[in-house]
4 protein chains.
Amino acid sequence: MGQVKQSTTRGRPRSQAAERAIIEGVLRLLEEGVPLAELSIERIARHAGVGKATIYRRWKGKEQLFLAVLGAMDEPEPPLSGTSVREDLVITFEAIRRRGLAKCTSALLHSLLAQAKSYPKLWDLYHDTMVEARRRRILAVLARGTDAGELRDDLDPDLMVDLLCGPMLSRTILQNDAPLPDGLAETIADGVLAGLRPRP
Amino acid sequence: MGQVKQSTTRGRPRSQAAERAIIEGVLRLLEEGVPLAELSIERIARHAGVGKATIYRRWKGKEQLFLAVLGAMDEPEPPLSGTSVREDLVITFEAIRRRGLAKCTSALLHSLLAQAKSYPKLWDLYHDTMVEARRRRILAVLARGTDAGELRDDLDPDLMVDLLCGPMLSRTILQNDAPLPDGLAETIADGVLAGLRPRP
Amino acid sequence: MGQVKQSTTRGRPRSQAAERAIIEGVLRLLEEGVPLAELSIERIARHAGVGKATIYRRWKGKEQLFLAVLGAMDEPEPPLSGTSVREDLVITFEAIRRRGLAKCTSALLHSLLAQAKSYPKLWDLYHDTMVEARRRRILAVLARGTDAGELRDDLDPDLMVDLLCGPMLSRTILQNDAPLPDGLAETIADGVLAGLRPRP
Amino acid sequence: MGQVKQSTTRGRPRSQAAERAIIEGVLRLLEEGVPLAELSIERIARHAGVGKATIYRRWKGKEQLFLAVLGAMDEPEPPLSGTSVREDLVITFEAIRRRGLAKCTSALLHSLLAQAKSYPKLWDLYHDTMVEARRRRILAVLARGTDAGELRDDLDPDLMVDLLCGPMLSRTILQNDAPLPDGLAETIADGVLAGLRPRP
DNA sequence: TAATAATCGAGACGGTACGTCGCGTCTTCTG
DNA sequence: CAGAAGACGCGACGTACCGTCTCGATTATTA
């Protein structure tokens with residue numbers, strides 16, 4: 001996954017210790033507030049006590065490495081309760097909110113967004129791995145909800161995902177330092193489900 | 001706006017031709033599909049037939065320049081009709097959609113998003129200039145709509161903006177190459193306004 | 001002379017101060033006894049307080065630079081007296097001897113010899129500039145000597161040069177740390193002129 | 001001779017095939033015209049189909065290996081006739097001349113000369129093994145010649161060696177591509193023995 | 001009309017990082 | 001054990017840009 005060709009079984013195997021040192025080094029630097037733009041491969045290597053080649057042997061460039069870091073760091077998607085569409089949406093939104101609160105996650109995410117156009121392959125990778133995975137989870141929730149009569153059946157499911165996830169995204173990406181208060185997940189879920197028109 | 005101090009009236013005045021050559025050069029490069037990451041100041045200067053100092057005399061760095069390019073290219077916000085909330089939302093969404101379809105706009109926008117954490121000042125600038133302006137426009141629409149009884153009055157207006165703008169954002173930013181079909185603005189506006197629950 | 005293309009007259013001119021700092025830095029390092037193999041471009045630049053590019057802008061590589069250093073350092077050929085062949089030979093040999101005593105000259109010379117086969121152009125340059133110049137000087141001396149009846153006229157002049165210069169070379173190159181005592185120039189001149197057979 | 005310590009008799013013995021593959025690989029590369037500067041240990045190992053460690057187990061570094069190659073390639077010193085000083089000198093010079101004509105010999109020799117100052121131990125090794133051996137051979141010839149009255153007895157024998165060997169050296173080292181014609185050995189021997197002054 | 005002053009293109013400056021290569025050592029597995 | 005394979009930390013390679021700094025040459029305003 002974004003890795004450089006893994007050699008056959010011959011020769012000295014790659015050091016897992018080095019790999020860990022690199023990834024944890026990046027995390028440590030991000031948590032210390034080092035701006036992403038200052039994370040050169042050279043600095044990462046120095047900080048991890050590792051040769052540059054050891055990095056390039058594993059990843060093709062900074063972005064591939066970042067993706068690996070992102071993968072290493074993020075908590076697994078929380079299990080869905082299945083009791084209702086609303087409940088599952090709240091669980092999902094809450095996971096996004098907590099991720100947005102973590103400094104380094106969002107720094108990396110921003111970086112990835114930035115490089116999307118420059119390195120389409122990288123973006124595709126990220127998109128398939130993270131974005132699309134979530135989209136599919138939500139599509140499943142929606143399908144169940146539509147069957148159960150909890151949701152309208154006259155809308156394109158893909159569009160519904162955007163309607164649901166967009167607001168959270170707006171908060172975490174566009175607003176930068178917008179507050180992500182405790183009840184946000186519930187509020188948004190309820191808002192989207194009920195719509196903005198006055199209730200009869 | 002991001003400009004470096006303009007000197008007094010003594011000496012040779014700055015060449016507007018040079019300024020145009022720079023900005024249009026960047027646009028041309030972007031339209032040729034040059035990835036943003038390869039747009040070095042050096043290359044921009046070479047391509048515009050201009051000395052590097054001529055760029056630095058005007059903008060403090062690459063990002064400042066990009067911001068200027070963004071401004072130069074950006075069509076003005078369309079006038080709102082005022083007939084109804086739905087109508088004004090559709091007009092606004094349509095503007096976003098058209099911007100998202102333009103190759104270089106979105107490339108620049110992605111770049112800016114990327115550097116937000118790294119260069120907070122730049123991000124603030126962009127945020128204040130573009131994002132916040134739109135937010136205020138929509139807040140005004142919402143205020144009128146609430147007064148007119150077209151909208152619920154039990155939701156935080158700031159949250160409503162996210163509910164409204166998020167979906168469009170999801171399409172243009174996160175989905176990367178998602179289709180932005182013709183009726184999208186209307187569909188989204190109607191979806192958010194009505195909510196996802198089945199209508200009674 | 002081994003230099004990289006000098007640009008036209010436009011732009012900022014090359015700093016002579018930097019050039020001096022580089023060459024004198026190399027000399028200083030050599031005099032401190034730093035082995036030639038440890039004279040990396042990187043180290044030279046660091047030691048001279050200069051960017052690497054400033055070196056590469058002037059010379060194509062380490063060897064070109066060394067050649068410049070060699071040129072910068074060596075004293076001009078001493079004037080010949082013209083009184084006799086023997087006298088002129090002694091003067092020439094004495095210059096070679098003194099050069100051989102200087103630590104860094106011989107280090108550089110060894111380096112150049114080493115790279116002869118690898119970089120034929122460099123060697124040609126050195127050969128034409130230094131070796132051939134001396135050869136021509138001696139050929140002139142020999143021509144005068146032959147005319148004056150001081151020398152045999154049945155030998156190829158080119159061969160005579162080898163007969164004369166070879167011994168000095170053997171001492172300085174091959175013997176490495178052979179003594180180069182004070183009267184050496186005279187002894188060798190007399191030996192070659194008289195031959196090794198017993199005198200009648 | 002420059003070898004690394006041979007281990008005791010336990011375990012798998014060193015493969016002579018590997019050793020031959022290495023040395024012959026170097027020779028093949030040199031004959032193909034690969035510049036000495038491009039003969040990295042890594043390349044030699046690859047070319048010989050051998051692990052790097054197999055080389056380091058035998059020699060301490062590139063130079064030690066080169067010395068071994070030189071030794072492997074080197075034809076033995078030719079037997080001296082003993083009939084006269086002139087005859088023995090001609091035999092010796094002819095051996096030097098033939099060696100100078102061989103491409104890879106001279107490449108290696110140049111390399112060794114180059115590294116003399118950098119790796120004094122290596123140079124000493126080469127000097128003792130090759131240079132000094134020849135010097136002693138010639139000293140023996142001279143001693144016999146002096147006893148037999150064929151040579152002057154008023155010159156330092158060490159100096160006489162330089163007078164005799166220098167010219168050949170000048171041709172093979174300094175002149176680079178100077179012709180080494182067939183009768184050269186005789187011509188030089190006669191020239192040095194008779195001296196350059198006109199004969200009475 | 002000259003002097004002054006800031007700009008222009010050009011390109012050199014000291015730096016930092018790039019991605020590659022070779023060093024000599026080490027760690028794995030196979031014979 | 002030695003063999004090949006190849007990863008390891010290290011450091012140099014030569015290139016590209018960074019943002020700053022001279023250059024000589026323009027182009028305005030001020031004296």
Side-chain angles (χ1 to χ4, degrees), chain A residues 7-15 17-19 38-46 48-58 60-62, chain B residues 6-15 17-18 38-46 48-58 60-62, chain C residues 7-15 17-19 21 38-46 48-58 60-62, chain D residues 7-15 17-18 38-46 48-58 60-62:
Chain A
S7 66
T8 67
T9 185
R10 325 251 291 174
R12 177 174 174 177
R14 302 231 172 115
S15 157
E19 194 144 338
E38 292 178 14
L39 275 193
S40 60
I41 294 274
E42 211 130 79
R43 179 166 183 181
I44 291 170
R46 219 180 304 132
V50 140
K52 280 198 290 176
T54 300
I55 295 180
Y56 284 112
R57 216 172 275 126
R58 289 170 167 72
K60 266 195 58 172
K62 214 183 309 197
Chain B
Q6 175 56 280
S7 66
T8 66
T9 184
R10 319 249 295 175
R12 176 175 174 175
R14 296 212 180 136
S15 157
E38 293 177 13
L39 275 193
S40 59
I41 293 274
E42 213 126 84
R43 178 167 183 179
I44 292 169
R46 219 180 305 132
V50 140
K52 281 199 290 176
T54 302
I55 295 181
Y56 283 110
R57 213 172 280 123
R58 288 168 168 74
K60 267 195 58 172
K62 210 184 316 197
Chain C
S7 66
T8 67
T9 185
R10 325 250 290 173
R12 175 174 175 177
R14 302 226 174 121
S15 159
E19 195 145 338
E38 292 178 15
L39 275 193
S40 61
I41 293 275
E42 210 131 83
R43 179 166 182 181
I44 291 170
R46 218 180 305 130
V50 140
K52 280 198 288 175
T54 301
I55 296 181
Y56 285 111
R57 217 172 276 125
R58 288 168 167 73
K60 267 195 57 172
K62 214 183 310 195
Chain D
S7 66
T8 66
T9 183
R10 321 248 294 172
R12 175 175 171 178
R14 294 207 184 142
S15 156
E38 293 178 13
L39 275 193
S40 59
I41 292 275
E42 213 128 82
R43 180 167 181 179
I44 291 169
R46 218 180 305 131
V50 139
K52 281 200 290 176
T54 302
I55 295 181
Y56 283 109
R57 215 171 280 121
R58 289 170 167 73
K60 268 194 58 174
K62 211 187 312 199

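To find a chain, count down the sequence lines: A is the first, B the second, and so on, and within it residues start at 1.
- The shortest heavy-atom contact between A18(C) and R58(C) is CB-NH2, 4.4 Å.
- Regarding R58(C), its CZ atom lies at a distance of 12 Å from the C1' atom of dG14(E), rounded to whole Å.
- With DNA chain E read from its 5' end, the first of the two nearest nucleotides for A18(B) and A18(C) is the one closest to A18(B).
- Between I55(C) and K52(C) there is no side-chain heavy-atom pair separated by less than 4.5 Å.
- What separates CD1 of I55(C) from C1' of dT15(F) is a distance of 15 Å, to the nearest Å.
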Take R43(D) and E38(D) through the salt bridge (charged side-chain N to carboxylate O under 4.0 Å, His left out) test and state the conclusion after the steps.
-> CA-CA 8 Å; R43(D) 180 167 181 179; E38(D) 293 178 13; 3.8 Å; yes
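- The shortest distance between the side-chain N/O atoms of T54(C) and the OP1/OP2 oxygens of dG14(E) is below 4.0 Å.
- For G61(C) against I41(C), the heavy-atom pair with the smallest separation is C-CD1, 4.5 Å.
- Taking only side-chain nitrogens and oxygens, S15(B) never comes nearer than 4.0 Å to OP1 or OP2 of dT7(E).
- In terms of heavy-atom proximity, R57(C) sits nearest to R14(C) at O-NH1, 3.4 Å.
- Heavy-atom minimum distance, A45(A) versus G51(A): CB-C, 4.2 Å.
- Put simply, CZ on R10(B) is 23 Å from P on dT26(F), counting in whole angstrom units.
- dA17(E) atom C1' lies 12 Å from atom CD1 of I44(A), rounded to whole Å.
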Starting at the 5' end of nucleotides 16-22 of chain F, put B wherever the base has a protein heavy atom under 4.0 Å, S where only the sugar-phosphate does, and a dash everywhere else.
-> -BBBBBB
